[in-house]
Structures are given as structure tokens and as C-alpha cells.
Amino acid sequence: MEESYLTADNGREVVEVTAEAVIFQNPDNGYTVLRVSGAADSFTAVGIMPHVGPGELLTLEGSWMTHPSFGEQFKADSVQVRLPEGTQAIYRYLASGVIRGIGEKMARRIVDKFGADTFQVLEFEPEKLASIKGITSKKARAIQMEFIQKAGMRSLLEFLASHDLPVELGPRLWKVYGPGTMDVLHVNPYVLLGGDLGVDFATADRLAYAAGIRPDDSQRLEAGVLYTLSHNLDNGHVFLPEDKLLQASGRLLNTDPELPISGEALEEALSRLEVRAQVVREEVLGLRAVYRADLYEAECYIAQRLEEMAANELYVPDRLDHLVDRVEREAGIVYAGQQRRAVELAARRQVILLTGGPGTGKTTTLKSILACFEAMGLETSLAAPTGRAAKRLGELCGEEAYTIHRLLEAGYDQETGHLAFSHDEDDPLPAKAIIVDEMSMVDVPLMDALLRAVAGDCRLVLVGDPDQLPSVGPGQLFDHLIRSGVIPTVRLTEIFRQAQQSAIIMGAHQVNQGILPPLINQGKSKDFFFLRRLQGEQAVQTIVELCKTRLPNNMGIPPEQIQVLSPTRRYITGTANLNKALQQALNPPQEGKEEVKYGSVVFRPGDRVMQIRNNYDIMWREQDGLKGGMGVFNGDIGIVLSADSRDRVVTVSFDGRVVEYTADLLSELELAYAMTVHKSQGSEYRAVILAAVSGAPMLLTRGVLYTGITRARDLFIAVGDEQILARMVENNRQTRRYSGLRGRLTGEVKGPEEENLPF
């Protein structure tokens, strides 16, 4: 094997090989497991190599790795592909099926007729193929297009690799731009910043410099301003004040001291973006706000639509009070005044908000509203922002609930490279009533999509707790809807007597009021405990013991019903380190148990894992194999069923939906024995253990502690330093999120004139 590779200047190996056989290839992203032959012998190569076929000549740059079961493999980070040479190699290539429409027999006919000129004919003279029996003129053109596409993908991968760009971008770029991808990248490298490509500005900048684009080029300045605006969506902002946007853009773009970017140049770039309707500027509550156009449209639409719905009183049956009495009797309960008002209001009005803390009867009220809708003959859909929240809602109500994405039938738009929904104004949802739980997690873009799919006569009940953490995405939607006072709202405040027996519930309310709950148990509480561990190592050891032995043996709570939470990913009590410790204790390596390693993470059968980003393309099947679909979403929790160490494939079950993760998709999975409090939103666990030892001040807040406590159903244990818990209770600081929604609902933000709306 020594004769088959050289050493590159960067220390990686360069391997000259011939493709022998494709063992595995993912058609969506190009991840390939390939048997190749070098000068001395054959071996396995893995990497992003879409459309590679037997007989092709490959130059691979990467590194050797030792597989636990299959020995040495070559992991290719860079791939250059050359077409095979010689008639026999050409035949092997075509006979492999790499070109649709050409099998073994057809490959033999083509090569026998055109010999060494076969590839010239396929690319430039396809009409000659029609002279071969079984190939029509139409089929000849289809073969040409297939051949050109594969040649284009090869060139694209070589281009990406030569500029140190991730080759994984190739298939995703090709989906959007097709054969013109290379031309697009040469003309405007900053297209890499768009869609779901995940490329940062510095990476696109490197490519632009290589293409000769100057630091003060207008194209670069506009891309930098737009990138800065979009990047701040991750901080929850719907818009940015113009002065802050220009300052941040200047810091991003001023990379060359010899060509400084002036504030005037940035203002001109912003004006050009405004003229092209990529951004919108507007006065919002005394600020000169700059919106990305799609978010401006979303915010305006949400305010306009909800204002219209809030004014609507829909048809209700005669003697609504008798109907509510009947629902109350059938449920075997007696409604409190606020609960009855919520049920009657939901029956009369097109949209209402229902809110309240733990123990205030929110779940009972929600179920009563659902029963009332059913008694009225209204087809009702239940939804929540995440899979775990939807599952919990369905269990509480005894009916199937969906994530909002699945309710709207989310998918990937290949033309735009963006998320798209099947249901919208042109194809609204068939439901006559929709109940959405965990509204504090819903951001502005998702609410916009939901409202566009709500039919004109459909009732909408929005349920949530505004004291929980806000959405990860832009906006603080549910809180702003409540505080606007425009939408009919029922706030449940009475803590029921049964709930008052729970230290979890009472502790959560105390935290919400800025009071540290009693941490010295004195034998009174059976569900709320504090274990002082001032050192991080001690805290981790205690948490592992609780999960492995103490709670299972002493309280009958199995490990799979215990969720460890932390405010942070970092530090010794962050989720990254906790997951390693818990995996070692609960699911250690065993002889005969396969595992797949990705970076510093190891996946084994039985591991609890989490999907950490939305993937609308990934396919799943039900465990019985009868049905399937597409899409796994951020926050979905699953169990590893198998780990194929040879092909580096991890198979995960998400509540019966089975997904195969090839090596290129493993970056979307992480262990979930421990998770951040933010990631736990929308879920409820039998037992919660909160690590409270250290963390950044911005994460040690009252909202984080309140949300963590309210995730526990039967048992909450805080492990750590009481001073940290006291600091969290005291820290009620909430990062300001720039949003104009509340002002639009109250009329403080007038918005554009109707004829000037950009939509």
C-alpha cells in the first residue's frame, strides 16, 4: 500500500486509486463507502463522493483511520475524479449502472461501437447513440444530461476541495443551482451564505478573495450587512436598530486595514438592499428598525391576521351554557370560574390565549376545550412546536397530536433551498379548530406559517406559559401577544389544593416570584430535593450514582425515565461532559456491542440521542416497515437501535420512526442522557436532576431554573451549590429582543400603508 500514496504539504495523505466497487452510497448527500485499488493492494475509502463509479480514477486527500472491526480505512476529505481510460475500463464504468439508462448489455453495445471515443459521444454527440438498437433520440438526450450532470458534480467537488470548502456542500448546492452551480459561485461566492448551507461569512469571504473580489466591492458589503442581520436571528431579534446593524457589519467587513470600509459605504449598501426589497426600514417604537424582508412580512401578517381573528365572534350553538354543563358532567369535574370562562370563550371567539403556571388547571382546561369542540362537531387538530411536546399533548388529551411542522407538511423546496409548507392560504388546513400547546417555544416565522394555513372559519386556541424560556428563533411571540391585550386571554392563577401538596409546583411558583424554595428538606418534601456538592467532580459523581443506582433501587425510577439537565454545555457539569459520564455508567462498551465514533462522541445501541437541527430531507420508516415519510426535527429524542461500525451507519428509533444516519449525518445527533434546560422545553419527565454548579451569568437566570423545575412530574433534584441557585432566582434579567409585534397589535407601530405592502 505504501506505493499508492504520497504525503501532501499539509501532512495529509494523497492516494492515487481506481474505484473498484461501490459498497454504499447515499444519493441525497453523496456519502460513499468505496472499495478501491492502489498500486499495491485494495482497501476501503469513505467520504463525500457522489456519482463515483467503478473504473474511475481517483485522487483522494485525507487520512488513514483504524476501524474497530474492519481495520484500516482511508477517510477522504478531498476528491478529484478522472474518467476511466481504455475500452475495458470504460465498459466497467458504464456497466456499473452509474449512468441511468445504461446497463451491462447496453454498455457493451456502446463501447463496441465507439471504443475510446465513448465519452466524447456521450457528452458532445449524443445523436450518434440513437444508431444503437434500444436507444431512441429522447433516451440519447437523457443519457447525455445524466453524463453532463455527473461531470459537473465532479468539477464542483474539485472546486470546493481546492478552496478548502466542505465537499458536503456539493450535493446541496447542486439541488438549488444545478448545472450552473460553478458559474454562480464564480459570479457571487456569497450565495453560500443563503438557504440552509450553514456557511459562515469568513468561509465565503475566502472564496470571494480567490475570485478577485475586492474588500470594498458592493457585492461583499451588501452580503455582509445581510449576513449580520440574519445572524442575529439566532439571538432572538426580529429586527436590528440601524445604528447597531451598521456597527456590527463594519466589524465583520473591516478585515483589510489598507481598504477600510466607511460608514457611508455601509449605509449605501443598506440602501441598495432596501431598493431590491431584501430589507425593510421602518420606525418602531422610537427606533430606526431594519428587518429582513421575510421577517417584516411575517410580523406584519401575524399582527394583521390575529387582530382580525380577535374581533371575530363565530357561530355557537344555542344554550352554550347547557353544552358546557354537559361537558363538565361527562368529565366528572367542577370547573373553577376561570376554567369555565376559557371554555366558553374558546367556543365563541376565533382566537384566544390560555396561560397559567403549573398546578393551575391548564391541562384540565385544555382537555375541556377539546371536549367542547368535539361536542360542537368541530374537527380539531392538536399541535405543539416539538415532537416531545406533541407526544405529551397527545397523551394528555388521548388523541393524536402533531408537531406544527408535520401538521403543515413541511418539506424542502429544491428551487429556493428553503423550508416550504404544503398548507398555506391556497391550501388551508381542513381543521375547524386548532389547539397549539407550548406557545412560548413558537417563533415568528413558524407562527406566520401556521396562521397562513388557518382557514377563515377555524378557531385557534394558543396555550402556554410565558414565564418559561422564550423561543430559540426570532421573537418573543407568546409573551408579546399576551401583553398586547388585544387577543382574548384567560390567565389561570388559582393553584388547586391537590397541586399545593407538590413541592415541585410550589417551588416553581416561588422561583417565579423571586423566592428561593426551601432547600433543607427536613423530611417534609417527597418530590423536591437539594444535594449540596460544591465541586464539579463531586456533582458529576453524585448525578451518575442517582441515575445508575440510587433512584432505580430506592425509588423504582428506571434510568430511561430520568432526565439530567444543565444550564450549559460547557464546564465539568455541562451536558457534553455529563453525557460522557452517564453513557459510561449506563451504556458502557461491551465485547460484541458495535459502536460508531463521530468526533469525540461514540454511539452504541441503547444510547439516548437527540436530533439537534431540522432535517426535512432525511427519510424515516415505521418500525413495522408499512409506512414512511420524511423529516426529523430539532429536539426529537430517540434510542439507538444499531451501530454498524463497518459502514458507519447509526440506526435510531424516534418513537417508532426509524432513521438511518450515515457518517455525514452524524453531526446532527448528540447524546441526550443530559441536555440543556433550553432543549428540554416542551417535555415532562418522571424525574429531573439539575446540575447547578457553574455556568455563564447569562444562563444562570430565573427563567432557566423555573423551566428546569417545571420539567419534573414526580421528582426534582438539584445537585450543586445553593449560591448558584440563589443567584439564578435573583437574576431575572431578560435579554431584550427587538420585535415590533406588540406595537403593531396595539397600534403604536402603524406599519406601511396598504398599497405599499411588500407582499
Atom CE of Met182 with >12 non-hydrogen neighbours under 6.0 angstrom: yes
Interatomic spacing from CZ in Arg604 to OG in Ser642 - rounded to 0.5 Å: 15.0 Å
Which side chain to side chain donor-acceptor pair (under 3.5 Å) pairs, counting each pair once, include a residue from residues 128-145, with sequence neighbours left out? Glu125-Lys128
Once you round to the nearest 0.5 Å, how far does CD1 of Ile148 lie from CG of Leu122? 9.5 Å
Can you check whether Pro84 reaches Phe119 side chain to side chain, under 4.5 Å on heavy atoms? yes
Could you check whether any side-chain heavy atom of Leu129 comes within less than 4.5 Å of a side-chain heavy atom of Phe114, counting everything from C-beta outward? yes
Under 3.5 Å, is there a donor on one side chain and an acceptor on the other for Tyr661 and Gln611? yes
Checking Asp607 side chain against Val609 main chain: does a donor-acceptor pair fall under 3.5 Å? no
Under 3.5 Å, side chain of Asp200 to main-chain N/O of Thr203, donor-acceptor pair present? yes
Taking every heavy atom of Gly62 against every heavy atom of Phe74, the minimum-distance pair comes out as N-CZ, 3.3 Å
Can you tell me if NZ on Lys593 sees more than 12 non-hydrogen neighbours from other groups inside 6.0 Å? yes
Over 12 foreign heavy atoms within 6.0 Å of OH, Tyr402: no
Can you tell me which residue among Lys391, Gln563, Arg608, Lys679 is in a side chain to side chain contact (heavy atoms under 4.5 Å, CB included) with Ile637? Arg608
Does a side-chain heavy-atom distance below 4.5 Å link Ile135 with Ile110? yes
Heavy-atom side-chain proximity of Thr386 to Met441 below 4.5 angstrom: yes
With rounding to the nearest 0.5 angstrom, report the CD1 to OG distance, Ile612 to Ser667. 7.0 Å
Between Thr118 (side chain) and Gly115 (backbone), is there a donor-acceptor pair under 3.5 Å? yes
What is the minimum heavy-atom distance between Ser683 and Tyr685, and which atoms define it? CB-OH, 3.2 Å
Taking the side chain as everything from C-beta on, heavy atoms only, tell me whether Tyr190 gets closer than 4.5 Å to Arg220. yes
If we count only N and O atoms by modelled type, under 3.5 Å, do the side chains of Tyr93 and Glu56 hold a donor and an acceptor together? yes
Non-hydrogen side-chain atoms of Val540 and Leu578 separated by less than 4.5 Å: yes
d(Glu409 CD, His423 NE2) to nearest 0.5 Å is 3.5 Å
Would you say the side-chain atoms of Arg388 pair up with the backbone N or O of Asp636, donor to acceptor, closer than 3.5 Å? no
Could you give the distance from CG (Asn634) to OG1 (Thr403), rounded to the nearest 0.5 Å? 12.0 Å
With a 3.5 Å cut-off and sequence neighbours excluded, list the donor-acceptor pairs that the side chains of residues 568-577 form with protein atoms.
{"unit_1": "Thr568", "atom_1": "OG1", "unit_2": "Arg570", "atom_2": "N", "d": "3.0"}
{"unit_1": "Arg569", "atom_1": "NH1", "unit_2": "Glu670", "atom_2": "OE1", "d": "3.0"}
{"unit_1": "Arg569", "atom_1": "NH1", "unit_2": "Glu670", "atom_2": "OE2", "d": "3.4"}
{"unit_1": "Asn577", "atom_1": "ND2", "unit_2": "Ile572", "atom_2": "O", "d": "2.8"}

Atom CD of Gln120: over 12 foreign heavy atoms under 6.0 Å: yes
Output yes when a side-chain donor or acceptor of Gln73 lies under 3.5 Å from a complementary backbone atom of Phe43, and no otherwise. no
Would you find a donor on one side and an acceptor on the other, under 3.5 Å apart, between the side chain of Asn579 and the backbone of Leu671? yes
Is the backbone N or O of Ser471 less than 3.5 Å from a side-chain atom of Asp443, with the two atoms forming a donor-acceptor pair by type? no
Does the side chain of Val15 reach to within under 4.5 Å of the side chain of Leu58, using non-hydrogen atoms? no
Closest non-hydrogen atoms of Glu20 and Ser37, given as atom of the first, atom of the second and distance, are OE2-OG, 2.6 Å
Pairwise distance CD1(Ile143) to CD(Glu123) - rounded to 0.5 angstrom: 14.0 Å
